[in-house]
Amino acid sequence: MKFALFSLMMNLPNAVTGEALTTQQKFHNILEQARLAERLGFDAYGIGERHGAPFLSSSPPVVLTAIAAATSRIRLLTTVTVLSVLDPVRVAEDYATLDQLSGGRLEMIIGKGNDPRHYPLFGIREEEQWVSLAERYELLKRLWTEENVTWQGTYRPPLHEVTTWPRPLQQSIPIWHGSASSTLSTELAAKYGEPLFTSNSFHPQAKYKALIDHYRERLDYYGHDASRAVIGSGAGSLYLADTREEAIRRYTPYYNAFHATAAAQHNQSPFTDLEDNIARGPVLIGSPEQVIEKIMDYHAAFGHQVLSISVDGLSHSEQLEQVERFAQDVAPVLRRELPSVVWNDLPVLSQLSPSSASDTSASWPSAISPLFQV
């Protein structure tokens with residue numbers, strides 16, 4: 001299994017200490033997270049896109065470009081790019097620029113978004129989100145793979161023989177399709193034969209498994225080999241401790257604070273409290289052994305090759321503690337027990353010599369995710 005550290009850059013006062021970061025401090029915190037993730041051997045770092053308080057992640061390509069300058073190896077993901085409200089021409093330009101500046105480390109997860117506030121900001125109705133996403137994605141693919149594109153649609157003015165610049169550095173920027181609530185997303189992913197990334201954040205396993213199963217079924221329908229499907233999965237929150245009881249005690253204030261936010265309430269999570277979520281949901285709270293067991297259970301259901309975790313909301317010291325502990329106590333077991341071929345052309349940092357691991361000027365190979373060529 002491969003591992004990504006994701007952040008939505010939600011900037012609220014700490015639920016335990018009351019500490020409040022300024023906007024600039026939060027941006028520096030994100031850069032430190034990314035550098036730490038690379039140093040500890042994570043395979044990817046991701047920034048989600050949200051528009052409006054308390055999220056600071058309205059401009060993922062800008063933030064990821066700063067992360068690219070501060071790192072040298074780690075893959076850079078968007079989690080997700082809210083393509084349902086964005087201009088594909090602008091997206092093609094911004095992310096091709098990021099791909100060039102990062103040395104070809106970009107991978108994009110697209111989706112319709114998980115916050116209804118962005119629809120009126122960008123002039124579409126919520127009920128249009130799926131058809132808008134499909135149209136804009138079709139155009140984005142053409143802009144990245146063709147020159148002199150002529151196009152006409154509903155959600156932006158027509159184009160006549162347009163070639164966007166710069167061109168991406170990678171021959172083909174890998175695209176994943178975010179999946180959280182609807183078979184319309186899994187249908188789009190299957191149609192193009194591209195990887196799926198399930199959010200796996202707010203509901204019991206069965207809901208997300210049904211979407212993944214639908215994706216595999218529709219891959220076969222569109223003529224793709226479902227046995228070679230590439231799937232990533234989120235995991236809710238992470239909190240490791242020596243015992244389950246200690247982890248619950250330490251994480252409960254964070255869980256309660258997050259689930260009181262408007263963003264969490266929008267998802268209508270069915271869990272009554274943290275212990276119910278641990279028993280029936282995706283959160284990774286407990287001892288390393290318990291967390292490993294839970295991830296293995298989800299892998300049996302999903303068959304995913306990439307797992308994302310998040311330490312959003314924790315204090316600075318706890319973020320460091322949790323990311324380091326996951327890298328030391330959980331990731332090695334899962335890498336051994338659940339091998340993954342995704343991103344295999346990138347070296348794992350922990351396998352490098354000390355001198356090469358610390359040399360940020362080293363020339364790393366460009367990595368194009370194998371997608372269905374595994």
Side-chain angles (χ1 to χ4, degrees), residues 1 3-6 8 10 15-16 48 79-80 111 114-115 178-183 185-186 196-217 231-314 318 322 325-326 329-331 333-334 337-338:
M1 185 168 282
F3 302 100
L5 182 61
F6 284 180
L8 281 171
M10 184 169 61
V16 175
T79 63
V80 300
N114 193 33
D115 188 336
S179 170
S181 60
S182 171
T183 55
S185 289
T186 51
L196 189 77
F197 213 110
T198 178
S199 67
N200 189 39
S201 298
F202 294 100
H203 296 276
Q205 182 187 95
K207 175 177 181 177
Y208 301 109
K209 183 180 185 302
L211 291 167
I212 293 170
D213 289 346
H214 174 264
Y215 166 65
R216 286 196 168 101
E217 291 168 6
I231 296 168
S233 175
S237 306
L238 170 74
Y239 208 100
L240 295 162
D242 291 339
T243 66
R244 179 180 185 273
E245 292 73 23
E246 180 189 1
I248 290 174
R249 176 180 59 81
R250 294 176 63 181
Y251 189 69
T252 293
Y254 293 115
Y255 181 85
N256 292 340
F258 174 71
H259 281 270
T261 64
Q265 293 296 315
H266 169 71
N267 289 283
Q268 299 180 340
S269 180
F271 307 116
T272 57
D273 55 22
L274 176 57
E275 294 203 36
D276 185 33
N277 196 318
I278 293 171
R280 300 192 298 122
V283 294
L284 302 176
I285 312 296
S287 69
E289 294 77 16
Q290 290 166 329
V291 166
I292 290 168
E293 181 180 2
K294 186 166 194 175
I295 294 170
M296 297 280 282
D297 175 73
Y298 269 76
H299 178 268
F302 295 171
H304 55 298
Q305 295 96 320
V306 177
L307 175 72
S308 70
I309 63 167
S310 173
V311 291
D312 278 357
L314 303 183
E318 287 172 305
Q322 292 301 314
R325 191 157 191 179
F326 184 90
D329 299 340
V330 177
V333 176
L334 296 172
E337 298 297 323
L338 303 173

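Residues Glu337 and Met1 form no side-chain contact, since every pair of their non-hydrogen atoms from C-beta on lies 4.5 Å or further apart. No side-chain heavy atom of Leu240 sits less than 4.5 Å from a side-chain heavy atom of Asp329. Annotation: side chain of Phe271 is not in contact with side chain of Val283 (no heavy-atom distance under 4.5 Å). Side chains of Ile278 and Gln290 form no contact here, defined as non-hydrogen atoms less than 4.5 Å apart. Leu284 has its side chain out of reach of Val330: every pair of non-hydrogen atoms, C-beta onward, lies at least 4.5 Å apart. Using a 4.5 Å cut-off on side-chain heavy atoms (C-beta onward), Ser182 and Leu211 make no contact. Two residues are said to be in side-chain contact when any heavy atoms from C-beta on lie closer than 4.5 Å; Leu314 and Gln322 meet this criterion. Annotation: side chain of Glu318 is not in contact with side chain of Val311 (no heavy-atom distance under 4.5 Å).
Nearest heavy atoms, Leu196 versus Ser179: CD1-CB, 3.7 Å. Heavy atoms only, all atoms of each residue included: Ser201 and Pro282 are closest at O-CG, 3.5 Å. Ile231 and Gly303 get closest at one heavy-atom pair: CB-O, 4.5 Å. Between Gly234 and Ser308 the shortest heavy-atom distance is CA-OG, 3.2 Å. Scanning all heavy atoms of the two residues, the minimum distance from Pro253 to Ala15 falls at O-CB, 3.7 Å. The two residues Ile295 and His304 have their closest heavy-atom pair at O-CE1, 4.4 Å.
Remark: Thr198 OG1 to Ile212 CD1 distance equals 4.5 Å, nearest 0.5 Å. Rounding to the nearest 0.5 Å places CE of Met296 at 7.0 Å from CG of Leu334. Separation of atoms CG (Asn277) and CD1 (Ile248) is listed at 11.0 Å; rounding is to 0.5 Å. To the nearest 0.5 angstrom, Ser310 atom OG is 6.5 Å from Leu5 atom CG.
Side-chain N/O atoms of His214 and Thr186 include a donor and acceptor closer than 3.5 Å. Defined by atom type and a distance below 3.5 Å, a donor-acceptor pair is present between the side-chain atoms of Ser237 and Tyr251.
Using a distance-only test at 3.5 Å, with no hydrogens or angles considered, no donor-acceptor pair links the side chain of Lys207 to the main chain of Phe202. Listed for the Asp312 side chain is a donor-acceptor partner under 3.5 Å among the backbone atoms of Leu8. Lys294 places a side-chain N or O within 3.5 Å of a backbone atom of Gly281 that can act as its donor or acceptor partner. Judged purely by atom type and a 3.5 angstrom limit, Tyr208 uses its side chain to pair as donor or acceptor with the backbone of His203.
The distance between the ring centers of Phe197 and Phe6 falls below 6.0 angstrom. Aromatic pair Phe3/Phe326: centroids less than 6.0 angstrom apart.
Not counting sequence neighbours, the partners of Asp276 by the salt bridge (charged side-chain N to carboxylate O under 4.0 Å, His left out) test are Arg280. Remark: Glu246 engages Arg250 in a side chain to side chain donor-acceptor pair (under 3.5 Å) (not counting sequence neighbours).
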*Carefully, step by step, assess Asn200 and Phe302 under the rule side chain to side chain contact (heavy atoms under 4.5 Å, CB included).*
CA-CA 10 Å; Asn200 189 39; Phe302 295 171; 3.7 Å; yes
